Amino acid sequence: DGGPNLRGWRSDGAQVTVYEVPGSSETVANDISNTGAVVGAFVQSGATLGFFEEAGMVSVLTAPAAAVTYATGVNDWGQVVGQASADQSWAFLWDGTSYSTIEVPGAVSYGANDINNHSQVVGSYWNSGDQLRGYLYEDGHVTTIHVPWATHTIATGLNDHGHIVGTYLDEDGVATEFLYRKGRFSR
């Protein structure tokens, strides 16, 4: 097509490393662990697949029954979360050898955005009322994360203390960041 090829990258302050999954037309790096593992997605022959790279070795991630696999978060244990889709989307967790689906009750379509070193996962889902909500997945339980004054809430990241960050939309459609810590929202 003659257009530019997208590439992922990371920097340690002294040098920039460009990520290009061999044979891909596009590569996007989404997250990096404290151990240096990188996850993201790439396009190859028209298919979008996830990847996990550690110490120069790339693992291709293809969730079962998925037409698209997009890796978005990784922790220091090498656990990867993301979004897979076929007719609709769902969240997955890859533990280095196998995939599991993160079930979000009431979700029509959803994905996972980040995972911390306690295996807590945050993501977002569309409910049957066409509202976007964030969630926290922990030990098989899902807690909805929703800024009370917002029309939509997207949970994008969390740290090892369980503090959650994201974006919400107000009734005017204005996007604002939030921090959810110890049961309280702040802007």
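Owing to the predicted nature of the structure, the values given are computational and were not obtained by experimental measurement.
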Given side chains that start at C-beta, do those of [X] and [Y] come closer than 4.5 Å, heavy atoms only?
X      : Y      : result
Leu179 : His163 : yes
Phe92  : Thr101 : no
Tyr137 : Ile115 : no
Ser24  : Val43  : no

Donor-acceptor under 3.5 Å (Thr153 side chain, Arg133 main chain):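 Between the backbone of Arg133 and the side chain of Thr153 there is no qualifying donor-acceptor contact (under 3.5 Å).
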Main-chain N/O of Gly56 paired to Glu53 side chain as donor or acceptor, under 3.5 Å: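 Indeed, once roles are kept as given, a pair shorter than 3.5 Å links the two residues.
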Verdict with supporting geometry, Leu158 and Gln120, side-chain contact (heavy atoms from CB on, under 4.5 Å): CA-CA 8 Å; Leu158 80 163; Gln120 296 172 308; 3.7 Å; yes
Membership question, hydrophobic clusters at under 4.5 Å side-chain separation (ILVMFWY): are [Y] and [X] in the same one?
X      : Y      : value
Val74  : Phe51  : no
Val60  : Val80  : no
Leu136 : Phe178 : yes
Val38  : Phe52  : no
Phe42  : Val58  : yes

Mutual orientation of the aromatic rings belonging to Tyr168 and Trp149 [parallel < 30°, tilted 30-60°, perpendicular > 60°]: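 If you compare the ring of Tyr168 with that of Trp149, the planes turn out perpendicular.
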Using every non-hydrogen atom in the two residues, find where [X] and [Y] come nearest and quote the distance to one decimal.
X      : Y      : result
Thr156 : Val122 : C-CG2, 4.0 Å
His152 : Leu132 : ND1-N, 2.9 Å
Gly40  : Asn30  : CA-ND2, 3.6 Å
Thr69  : Ala63  : OG1-N, 3.0 Å
Leu61  : Tyr99  : CA-OH, 3.2 Å
Trp126 : Asp130 : CZ3-O, 3.4 Å

Check the side chains of [Y] and [X] for a donor-acceptor pair under 3.5 angstrom, ignoring hydrogens and angles.
X     : Y      : result
Asp76 : Asn34  : yes
Gln79 : Ser119 : yes
Tyr70 : Ser85  : no
Ser33 : Asp31  : no

Val39, Val121, Asn75 screened by side chain to side chain contact (heavy atoms under 4.5 Å, CB included) with Val81, the one that passes: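 It is Val121; the other options fail the test.
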Derivation of the side-chain hydrogen bond (donor to acceptor under 3.5 Å, both in side chains) call for Asp160 and Asn117: CA-CA 6 Å; Asp160 288 340; Asn117 289 322; 3.0 Å; yes
Ignoring hydrogens and angles, write down the donor-acceptor pairs under 3.5 Å from the side chains of residues 103-113, residues two or more places apart or on other chains.
residue, atom, partner, partner atom, Å
Ser109, OG, Ser89, OG, 2.4
Tyr110, OH, Ile102, O, 3.0
Asn113, ND2, Ala155, O, 2.7

Could you go through residues 180-187 and list every donor-acceptor pair under 3.5 Å that involves a side-chain atom there, pairing it with any protein atom two or more places apart or in another chain?
none

side-chain contact (heavy atoms from CB on, under 4.5 Å) between Gln131 and Thr151, intermediate numbers included: CA-CA 7 Å; Gln131 299 162 320; Thr151 58; over 6 Å; no
Thr35 OG1 to Glu54 CD distance, which is reported to the nearest 0.5 Å: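 The CD atom of Glu54 is 5.0 Å from OG1 of Thr35, to the nearest 0.5 Å.
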Gap between atom CG of Asp95 and atom CG of Leu93 - 0.5 Å precision: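 The distance works out to 6.5 Å.
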Partners meeting side-chain hydrogen bond (donor to acceptor under 3.5 Å, both in side chains) with Asp172 (sequence neighbours left out):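 So Asp172 forms no side-chain hydrogen bond (donor to acceptor under 3.5 Å, both in side chains) with any residue.
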Audit row: Glu177, Val165, side-chain contact (heavy atoms from CB on, under 4.5 Å) steps and yes/no: CA-CA 7 Å; Glu177 293 74 29; Val165 296; over 6 Å; no
